[in-house]
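Written below as structure tokens is the structure these notes are about.
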Amino acid sequence: MGNCAQGFKDFFCRPKNTNVRVSLPAVCFVWQIAMIILFGVFIRYNEEADTHWVEHKKSHNITSDIENDFYFRYPSFQDVHVMIFVGFGFLMTFLKRYSFGGVGFNFLIASFGVQWALLMQGWFHTLDHSTGKIYIGVESLINADFCTAGSLIAYGALLGKVSPVQLMVVTLFGVTLFAVEEYIILSLLHCRDAGGSMVIHCFGGYYGLAISWVLYRPKLHLSQRLNGSVYHSDVFAMIGTLFLWMFWPSFNSAITDHGDGQHRTAINTYLALASCVLTSVAISSMSQKTGKLDMVHIQNATLAGGVAMGTAAEFMITPYGALIVGFCMGIISTFGYLFVTPFLEKYLKIQDTCGVHNLHAVPGMLGGFIGAITAAAASESVYGKEGLISTFDFEGSFKDRTPGTQGGFQAAGTCVSIAFGLVGGALVGLILRLPIWGDPADDNCFEDEVYWEVPEDEESIPPVLEYNNHMIHKHQDISEFSLHDVL
Amino acid sequence: MGNCAQGFKDFFCRPKNTNVRVSLPAVCFVWQIAMIILFGVFIRYNEEADTHWVEHKKSHNITSDIENDFYFRYPSFQDVHVMIFVGFGFLMTFLKRYSFGGVGFNFLIASFGVQWALLMQGWFHTLDHSTGKIYIGVESLINADFCTAGSLIAYGALLGKVSPVQLMVVTLFGVTLFAVEEYIILSLLHCRDAGGSMVIHCFGGYYGLAISWVLYRPKLHLSQRLNGSVYHSDVFAMIGTLFLWMFWPSFNSAITDHGDGQHRTAINTYLALASCVLTSVAISSMSQKTGKLDMVHIQNATLAGGVAMGTAAEFMITPYGALIVGFCMGIISTFGYLFVTPFLEKYLKIQDTCGVHNLHAVPGMLGGFIGAITAAAASESVYGKEGLISTFDFEGSFKDRTPGTQGGFQAAGTCVSIAFGLVGGALVGLILRLPIWGDPADDNCFEDEVYWEVPEDEESIPPVLEYNNHMIHKHQDISEFSLHDVL
Amino acid sequence: MGNCAQGFKDFFCRPKNTNVRVSLPAVCFVWQIAMIILFGVFIRYNEEADTHWVEHKKSHNITSDIENDFYFRYPSFQDVHVMIFVGFGFLMTFLKRYSFGGVGFNFLIASFGVQWALLMQGWFHTLDHSTGKIYIGVESLINADFCTAGSLIAYGALLGKVSPVQLMVVTLFGVTLFAVEEYIILSLLHCRDAGGSMVIHCFGGYYGLAISWVLYRPKLHLSQRLNGSVYHSDVFAMIGTLFLWMFWPSFNSAITDHGDGQHRTAINTYLALASCVLTSVAISSMSQKTGKLDMVHIQNATLAGGVAMGTAAEFMITPYGALIVGFCMGIISTFGYLFVTPFLEKYLKIQDTCGVHNLHAVPGMLGGFIGAITAAAASESVYGKEGLISTFDFEGSFKDRTPGTQGGFQAAGTCVSIAFGLVGGALVGLILRLPIWGDPADDNCFEDEVYWEVPEDEESIPPVLEYNNHMIHKHQDISEFSLHDVL
């Protein structure tokens with residue numbers, strides 16, 4: 001027993017080995033092959049992407065190709081796609097020496113995530129039980145991007161502290177948990193959540209925070225020198241911020257109802273985001289003695305309005321209602337960056353690199369409740385009889401549900417997403433504590449050198465004119481100079 | 001009287017105080033709350049974004065949701081949105097130490113501007129007098145982005161020399177003036193100006209130049225060291241240039257007529273821009289002894305073709321006509337950067353940081369006149385009877401207007417936009433001279449440190465290997481070295 | 001005769017003169033004027049972009065403006081446009097001191113290329129023999145972007161080693177050759193190649209490689225210090241990679257059939273790209289002792305899946321078929337970067353700066369053959385009778401062609417594109433060896449200083465506080481220090 005405990009301790013306390021030369025290729029290959037097999041068994045084109053579309057048109061009396069769902073959703077899909085890969089990716093380049101990891105690992109796990117999401121969401125939502133197949137179209141691609149977003153949000157909390165293999169695990173379980181909670185919230189509770197305040201942001205935020213809590217690193221201050229930005233890395237991060245901000249109306253409206261649904265959702269999200277920028281700037285400026293702005297707030301808190309409109313944007317929240325949501329979110333999120341993130345780290349042992357607590361978890365949760373209130377306040381006089389039915393999908397077995405009841409279910413859905421995030425994240429965190437994943441040592445976090453071939457520094461480009469004569473000799477001199485003489 | 005003059009002088013000549021900790025949050029909060037109240041009173045969804053769309057479809061015999069204006073305009077809207085926030089924002093990151101201010105303040109004022117524009121344009125153009133409400137849809141969002149662009153152009157002339165509070169004032173009055181001149185030009189004079197050569201670029205350019213003239217800083221050379229680019233800031237600026245350049249066909253076509261109107265406008269703009277690149281490169285190369293290119297020209301003059309096609313692109317200017325416009329604009333704009341900007345600064349006391357004179361003011365003005373000529377040359381044989389009516393909107397009280405008359409009105413519209421820009425800008429400039437806005441001192445312009453928390457320089461990241469042992473000590477040594485030993 | 005040979009030798013061996021002050025403006029002006037004249041003679045708006053659209057609608061029983069091809073293709077066009085200018089442009093910013101040239105020359109030659117392509121493709125494909133005019137619309141713009149892509153791919157092989165004048169020549173002949181081979185492949189052989197695996201990537205790749213082979217520089221190692229990236233230039237290149245990756249589904253689907261054609265093509269491309277990322281990462285990690293990833297692979301090999309799906313994506317290749325294609329391409333392309341590029345340089349004297357062999361030439365060729373196999377395997381049972389006809393355009397004089405025959409022609413098409421690339425490239429390379437084009441010396445490659453006004457280095461921004469007192473004096477001191485004392 002003592003031996004066992006000792007062996008156990010040795011196993012968990014041995015020095016960190018960040019070599020992922022076996023584990024990373026193995027995970028990529030095996031999981032990709034699994035995807036191919038499962039796609040072979042399950043995934044087919046749906047009737048709008050299949051060559052039988054010609055016949056489908058005739059049998060459904062569709063007069064024009066423009067009625068193909070592709071033309072309703074593809075522009076929004078591409079905007080969402082940009083948010084997932086450039087938006088999230090570049091938002092995470094803000095660290096001075098983790099830009100490769102920020103944008104590169106985001107690229108890797110999102111590419112895996114969308115495949116796994118097509119399967120998981122297919123099994124839960126669109127499996128045709130008569131043929132045993134999942135039929136996919138452009139809406140499936142959007143949903144897969146959404147589903148992956150949950151795991152990318154979690155990555156924000158873990159940025160710089162985990163290995164790419166761990167991130168693949170985070171994504172595998174993140175997508176799985178997402179598909180289950182989404183099924184419960186959207187199908188069983190029959191909630192509406194087009195932009196995913198609950199199912200994406202709230203879940204993803206708490207999922208990441210819970211993992212980060214289990215993976216707490218008491219000596220993370222040893223990497224403190226690298227846990228910050230430099231001038232140009234902050235500008236790179238603004239690319240991410242702006243593409244997220246600009247395309248958020250597409251994100252929230254991508255899978256809402258054709259026609260007025262997409263139209264209204266885009267307007268509401270646009271307004272909430274605009275309003276959110278002003279209050280984020282205001283609080284950021286107030287927080288410094290001389291009124292200076294902090295890039296962390298501008299990069300992140302300005303987006304909270306979009307997160308919080310994920311549920312309610314398709315309802316008749318009214319334009320000024322959208323402005324009010326953005327107004328409050330800018331304040332809450334910036335306060336979060338100022339006070340809550342340090343508090344979480346100090347007292348709750350949660351190290352949240354990107355502050356997903358303030359950008360996703362809390363605004364997502366509040367967005368869920370805002371959706372609940374807006375739904376409960378819906379009435380036939382405002383929505384119109386048919387409008388009410390189509391907005392809340394009061395059809396089939398839900399045809400007798402009232403807006404009030406719907407509001408209750410929406411609130412319940414938010415709680416489900418929090419629970420899934422916290423419990424799921426804690427469990428996944430435990431798995432990630434196994435010392436086999438190649439995560440970095442405490443004094444080696446936020447450092448691209450660990451997992452990337454990093455080019456030599458810019459400073460060491462010698463002057464061009466003198467270079468060629470003494471190429472190698474000079475080069476060494478410079479290095480020696482900077483290392484020995486100066487320091 | 002002497003005392004009064006003295007007091008007046010003291011008030012205006014006291015040392016600059018750049019603390020905006022009270023003024024910036026105050027402006028943001030108060031104006032945002034005003035927006036919420038005004039939106040509550042005035043703004044509602046239009047019938048295509050409202051849940052009553054189902055009934056609207058029936059009553060208007062619309063068979064498919066795809067007829068919703070959302071699907072005609074939303075992809076163009078998103079392109080315009082990217083131009084406003086990433087295009088203008090990143091174009092202004094070219095200064096070596098003002099990238100935060102360039103992209104960040106652009107973000108702030110555009111977010112305020114679009115809200116105020118929805119109100120101002122609504123009151124002038126789409127107020128329903130029976131209900132007292134403004135009904136908004138996707139076209140309103142595009143127009144709001146357009147309206148804001150005028151103020152962002154003005155920001156280009158002022159870049160680095162004003163405080164964020166001043167920029168908010170510039171935007172408040174800029175949007176207001178824009179809405180008035182737009183009403184005069186488009187509604188009273190019944191001009192066509194889909195891409196806004198006149199109402200956006202010409203107005204915005206002269207508005208910024210007039211403000212800059214009033215705010216002339218005789219000792220600006222004290223900041224000369226920072227009034228230039230570094231290698232990477234020029235690459236960042238190319239992100240702005242390219243997104244503006246690529247999406248300009250969407251900008252000009254975003255609110256033109258459905259069908260051939262949008263189609264033709266996009267083609268004409270695309271061609272003018274392509275042609276403009278070649279002549280910009282040619283003049284830039286000719287201007288240097290060894291034929292080297294100047295990034296300033298590539299970043300800016302290449303866009304002048306799009307500006308100048310803002311009015312005429314929806315007319316039958318013919319593809320080669322579009323090429324000729326681009327050809328001339330590349331030449332004129334590059335010459336402007338070479339000779340006119342220095343002339344303006346030296347002799348007319350106009351300091352134009354981004355050269356908006358050459359990119360917006362002059363090409364916009366010329367674009368207005370090109371539009372006037374193209375309109376005057378229109379004929380039924382080229383346009384077709386119905387085409388002529390729908391292109392120039394010769395309907396209602398304008399049904400008897402001839403193309404010749406239309407040309408005259410177009411030219412008059414251009415003059416209105418210049419007048420509004422110059423007079424409005426001079427007045428706003430006077431307001432901005434009040435010493436309460438927190439603008440920087442002459443030796444402190446083009447410097448992010450004034451309004452932003454700027455991270456420490458990249459050069460001071462110490463080598464990783466040696467860092468941990470002597471973290472704080474070493475760090476100081478480096479700073480001391482660079483400050484005392486070297487300089 | 002001896003004199004002649006001597007004179008010939010002198011002509012070819014004189015020291016390099018990189019002054020392009022006459023040649024570059026001359027080429028730009030003359031060619032642009034030629035474009036204007038040719039456009040004047042040949043190019044007109046097609047019936048969907050002309051004001052006669054109103055009448056066209058009536059005569060063709062089109063009920064809604066949304067049936068205008070603009071709404072089917074414009075969103076995809078804009079995505080393609082972003083790929084051409086930001087995608088290709090930023091992908092080529094990875095070199096530490098050639099970012100201006102990468103993105104700037106790409107901008108120049110693409111702007112010329114699209115104009116020339118409208119003419120060349122018009123003459124071959126859409127010339128109306130009754131009127132002698134070419135009628136253009138949004139599909140023409142997409143095709144022009146495609147046609148230009150071939151030359152931009154070739155630029156990738158030549159990056160840093162040629163002058164802008166040479167690049168204009170490469171583009172002039174590249175577009176010309178493209179139009180001819182495209183005519184042979186698509187019209188005469190009646191191949192399908194929507195995303196251009198054959199006509200764009202295979203042709204462009206081999207075209208660039210053949211030029212590079214003729215322009216072999218035995219002493220290129222003299223510029224080796226600049227033939228690599230720095231940290232931030234690699235992040236800039238990721239902007240290019242991601243926009244290419246995200247919008248590739250639009251690239252491949254931009255000109256496929258309305259309806260299911262565009263829908264299916266987008267899905268297949270999306271899947272192949274996702275799968276390709278995982279195997280690229282796997283091989284990249286395996287290739288390093290400690291499993292570190294190489295940015296070169298992440299920036300390039302991840303895109304090979306999109307290249308290889310250019311032909312087959314519109315066929316019923318099935319979702320798992322798409323995954324398999326991506327799977328293999330990620331492996332093949334990364335291996336190419338690891339082993340084939342060094343091999344080509346060492347043994348075949350082909351210097352391929354960006355590795356277009358691995359990203360375009362080989363995946364394009366394989367994509368052609370994958371298309372051939374998929375076509376040959378097509379059957380009425382899978383495609384449906386009408387689906388088979390519309391997918392392969394088995395109409396008119398090709399109405400009796402079988403899928404098997406079609407497969408043979410597809411394979412033949414691939415060989416045609418290779419032949420055009422190799423032979424055309426060798427000839428163009430010979431033209432480029434004339435010593436009149438201003439190309440850089442062997443020790444001066446990969447260096448923006450040659451053709452650009454480059455701002456002084458960031459390191460030489462002196463500390464702000466001390467600057468103003470001793471501006472000029474201090475500045476010199478620093479320069480002297482770094483040049484004399486250190487080195």
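Below, all heavy atoms of this structure are taken into account, side chains as well, without hydrogens, waters or symmetry copies. Just so it is clear: chains get the letters A, B, ... in the order the sequence lines come, proteins before strands, and each one is counted from 1. This is a predicted model, so every value here is computed, not measured.
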So, [X] side chain and [Y] main chain: donor-acceptor pair closer than 3.5 Å or not?
| X | Y | answer |
| --- | --- | --- |
| C/Gln32 | B/Val277 | no |
| C/Tyr45 | B/Thr318 | yes |
| C/Arg21 | B/Thr290 | no |

Could you report the tightest heavy-atom contact between [X] and [Y], atom names first, then the distance?
| X | Y | result |
| --- | --- | --- |
| B/Lys385 | C/Glu55 | N-OE2, 4.4 Å |
| C/Ile136 | B/Leu271 | CD1-CD1, 4.5 Å |
| B/Gly259 | C/Asn68 | C-ND2, 3.5 Å |
| B/Tyr231 | C/Arg97 | OH-C, 3.1 Å |
| C/Asn19 | B/Lys289 | ND2-O, 3.6 Å |
| B/Ile267 | C/Ala49 | CD1-CB, 3.8 Å |

Looking at chain C, which one of [options] has the largest number of heavy-atom pairs inside 4.5 Å, strictly under?
| options | result |
| --- | --- |
| B/Ser280, B/Ser76, B/Pro249, B/Gly228 | B/Pro249 |
| B/Ile66, B/Ile239, B/Asp79 | B/Ile239 |
| B/Glu314, B/Met246, B/His258, B/Gln299 | B/Met246 |

Subject >> C/Val22, part contacting chain B, at a heavy-atom distance under 4.5 Å >> reply: neither

Original post:
Side chain, backbone, both or neither: which part of C/Leu38 has an atom under 4.5 Å from a heavy atom of chain B?
Top reply: neither

**OP:** Fit a plane to each ring of C/Phe107 and B/Trp245, take the angle between them on a 0 to 90° scale, and name the class: parallel (under 30°), tilted (30 to 60°) or perpendicular (over 60°).
**Re:** perpendicular

Is [X] close to chain C through its backbone or its side chain, or both, or neither, when contacts mean heavy atoms under 4.5 Å?
| X | value |
| --- | --- |
| B/Ser250 | both |
| B/Ile317 | both |
| B/Ile331 | side chain |
| B/Tyr270 | side chain |
| B/Phe327 | side chain |
| B/Phe247 | both |
| B/Glu67 | side chain |
| B/Thr391 | side chain |
| B/Val382 | backbone |

Do you know which of [options] has the most heavy-atom pairs with chain B at a distance under 4.5 angstrom?
| options | result |
| --- | --- |
| C/Gly102, C/Ala110, C/Gly137, C/Pro75 | C/Gly137 |
| C/Leu118, C/Val86, C/Thr93 | C/Val86 |
| C/Gln78, C/Arg44, C/Met168, C/Glu48 | C/Gln78 |
| C/Ile84, C/Ile109, C/Val138 | C/Val138 |
| C/Trp31, C/Tyr71, C/Trp53 | C/Tyr71 |
| C/Thr63, C/Asp69, C/Asp50 | C/Asp50 |

**OP:** Could you please spell out the steps behind the side chain to side chain contact (heavy atoms under 4.5 Å, CB included) verdict for B/Leu278 and C/Ser111?
**Re:** CA-CA 7 Å; B/Leu278 272 87; C/Ser111 297; 4.1 Å; yes

Original post:
Is there a side chain to side chain contact (heavy atoms under 4.5 Å, CB included) between B/Ile298 and C/Trp452 once you walk through the steps?
Top reply: CA-CA 11 Å; B/Ile298 308 303; C/Trp452 296 85; 3.7 Å; yes

**OP:** Carefully, step by step, assess C/Gln115 and B/Ser275 under the rule side chain to side chain contact (heavy atoms under 4.5 Å, CB included).
**Re:** CA-CA 8 Å; C/Gln115 298 178 52; B/Ser275 158; 4.3 Å; yes

Original post:
Do the two ring centres, one from B/Phe236 and one from C/Phe236, sit under 6.0 Å apart?
Top reply: yes

**OP:** Could you tell me the separation between the CD atom of B/Glu380 and the OG1 atom of C/Thr51, rounded to the nearest 0.5 Å?
**Re:** 11.0 Å

**OP:** Output yes when B/Glu386 and C/Lys57 qualify as a salt bridge under the 4.0 Å nitrogen-oxygen rule, no when they do not.
**Re:** no

Subject >> B/Tyr320 OH: over 12 foreign heavy atoms closer than 6.0 Å >> reply: no

**OP:** Could you go through the side chain to side chain contact (heavy atoms under 4.5 Å, CB included) check for C/Phe105 and B/Leu293 one step at a time?
**Re:** CA-CA 10 Å; C/Phe105 293 154; B/Leu293 298 173; 3.7 Å; yes

